[in-house]
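The figures here come from the full heavy-atom set of this structure, side chains too, leaving out hydrogens, waters and symmetry mates.
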Amino acid sequence: MTELNLNKKEKKVLTALQDGIPITENPYQQIAESIGMETNELLNIVKDLTKQGKVRRFGASINHYKAGKKYNAMIVWDVPNYDVDRIGRKMTEYEEVSHCYERPRRKDWNYNLFTMVHGESEGETQEIAKKISKDLNLHEYELIYSTREFKKTGVKLPKQKTKQK
């Protein structure tokens, strides 16, 4: 494992952020106050950590179950390789698509573009797939549904070992 070489304030900020951002009007202010810091100082530390590459990604992840979406469908698409970038960008314009990515085709798997959609029913996810299919003139696709929800967590800093005296 690579050593991050975090200073005391950086560790404090990452520890405060690792369990998520509160849903409030001023979430960063709330976090900053909880660790005795000004909001701008906290945000500058996050920016610096990102710029240094110590934090690779800082973004939102919504729990779709709590948002009322019970059906998750991964729609796998067979998109011509020459057009996958353009189609991928188009897919991300649909508000129903939470993420989209390209994967290599396999000998027994001809799909190369994956989109995740969420709905309140299986029928709703099927309608989303039909709409995207029609709009983008893509007719080879399948819907794969989630059958289990795994615990989702972000990266956690390792707990500090206390020295034995």
Side-chain angles (χ1 to χ4, degrees), residues 1-2 4 10 13-31 42-158:
M1 182 188 313
T2 305
L4 286 177
E10 291 171 335
V13 167
L14 290 179
T15 301
L17 293 172
Q18 68 186 1
D19 290 324
I21 307 293
I23 301 174
T24 65
E25 193 170 324
N26 297 304
Y28 299 110
Q29 179 183 0
Q30 184 177 325
I31 293 169
L42 178 131
L43 293 173
N44 286 333
I45 289 171
V46 172
K47 279 184 199 169
D48 287 344
L49 289 168
T50 305
K51 200 181 293 179
Q52 294 170 35
K54 292 179 179 176
V55 171
R56 287 188 294 172
R57 183 177 175 274
F58 186 76
S61 175
I62 295 173
N63 183 325
H64 54 275
Y65 286 108
K66 287 183 180 174
K69 304 292 184 183
K70 307 282 186 235
Y71 288 83
N72 313 305
M74 176 64 73
I75 309 173
V76 292
W77 304 89
D78 177 11
V79 176
N81 289 339
Y82 70 87
D83 210 13
V84 75
D85 288 340
R86 184 187 69 82
I87 294 290
R89 280 192 291 279
K90 287 280 185 196
M91 295 270 189
T92 63
E93 293 174 5
Y94 288 86
E95 67 181 47
E96 299 93 342
V97 173
S98 64
H99 50 285
C100 172
Y101 52 92
E102 181 184 9
R103 289 278 168 113
R105 297 176 194 275
R106 302 283 182 217
K107 193 165 61 177
D108 58 347
W109 183 259
N110 201 35
Y111 301 107
N112 60 343
L113 194 65
F114 295 60
T115 55
M116 178 62 83
V117 299
H118 310 281
E120 294 177 17
S121 68
E122 189 173 322
E124 184 179 350
T125 59
Q126 291 168 348
E127 287 304 313
I128 293 167
K130 284 180 191 170
K131 179 181 177 213
I132 295 172
S133 167
K134 183 178 175 194
D135 290 352
L136 300 179
N137 199 27
L138 297 169
H139 304 291
E140 297 296 323
Y141 67 92
E142 287 185 40
L143 284 82
I144 303 168
Y145 290 96
S146 301
T147 57
R148 267 172 72 179
E149 176 73 9
F150 292 97
K151 184 178 176 184
K152 295 176 185 171
T153 62
V155 175
K156 304 268 186 195
L157 289 176

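At most 12 non-hydrogen atoms from other residues, nucleotides or ligands lie less than 6.0 angstrom from NZ of Lys134. Around atom NZ of Lys70, more than 12 heavy atoms belonging to other residues, nucleotides or ligands sit under 6.0 Å away.
Side chains of Asn112 and Asp78: a donor-acceptor N/O pair is absent below 3.5 angstrom, by distance only. A side-chain N or O of His118 and one of Ser98 form a donor-acceptor pair less than 3.5 Å apart.
Glu102 contributes atom CD, which lies 10.0 Å from atom CZ of Phe114 (distance to the nearest 0.5 angstrom). Here NZ of Lys54 is found 6.5 Å from CG of Leu49. Values are rounded to the nearest 0.5 Å. Between the CE atom in Met74 and the OG1 atom in Thr125 there is a gap of 12.5 Å [rounded to 0.5 Å]. Atoms CG and NZ, on Asp83 and Lys90 in that order, are 10.5 Å from each other to the nearest 0.5 Å. With values rounded to the nearest 0.5 angstrom, Ile87 atom CD1 is found 11.5 Å from Thr115 atom OG1. Between the CD1 atom in Ile31 and the CG atom in Asn26 there is a gap of 11.0 Å [rounded to 0.5 Å].
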Glu96/Lys131 under side-chain contact (heavy atoms from CB on, under 4.5 Å): CA gap, chis, key distance, verdict: CA-CA 11 Å; Glu96 299 93 342; Lys131 179 181 177 213; 4.2 Å; yes
Step-by-step side-chain contact (heavy atoms from CB on, under 4.5 Å) determination, Tyr94 to Asp135: CA-CA 11 Å; Tyr94 288 86; Asp135 290 352; 2.7 Å; yes
Residues Tyr141, Lys130; criterion side-chain contact (heavy atoms from CB on, under 4.5 Å); working and verdict: CA-CA 10 Å; Tyr141 67 92; Lys130 284 180 191 170; 3.8 Å; yes
Residues Gln52, Glu10; criterion side-chain contact (heavy atoms from CB on, under 4.5 Å); working and verdict: CA-CA 12 Å; Gln52 294 170 35; Glu10 291 171 335; 4.1 Å; yes
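Listed for the Glu124 side chain is a donor-acceptor partner under 3.5 Å among the backbone atoms of Glu120. Remark: the backbone N or O of Val46 is paired with a side-chain donor or acceptor of Thr50 at under 3.5 angstrom. A distance-only check finds a donor-acceptor pair linking the side chain of Gln18 to the backbone of Leu157 [under 3.5 Å].
With contacts defined as side-chain heavy-atom distances shorter than 4.5 Å, the pair Leu14/Val55 qualifies. Proximity of Met91 to Leu113: side-chain heavy atoms (C-beta onward) are separated by under 4.5 Å at one or more points. When side chains are defined from C-beta on, Ile132 counts as touching Val97, because their heavy atoms get closer than 4.5 Å. Under the 4.5 Å side-chain criterion, counting only non-hydrogen atoms from C-beta, Arg105 is in contact with Asn81.
Using the six-membered ring where Trp is involved, Tyr145 and Tyr71 have ring planes that are perpendicular, over 60° apart on the 30 and 60° scheme.
Between Pro22 and Pro27, the shortest heavy-atom contact is O-CB, 3.3 Å. Here the closest heavy-atom approach between residue Ser133 and residue His139 is recorded as OG-ND1, 3.8 Å. Nearest heavy atom pair, residue Ala73 against residue Leu143, reads CB-CD2, 3.9 Å. Smallest separation of non-hydrogen atoms from Cys100 and Gly88: SG-O, 3.8 Å.
With ring centers used as reference points, Tyr111 lies 6.0 Å or more from Trp77.
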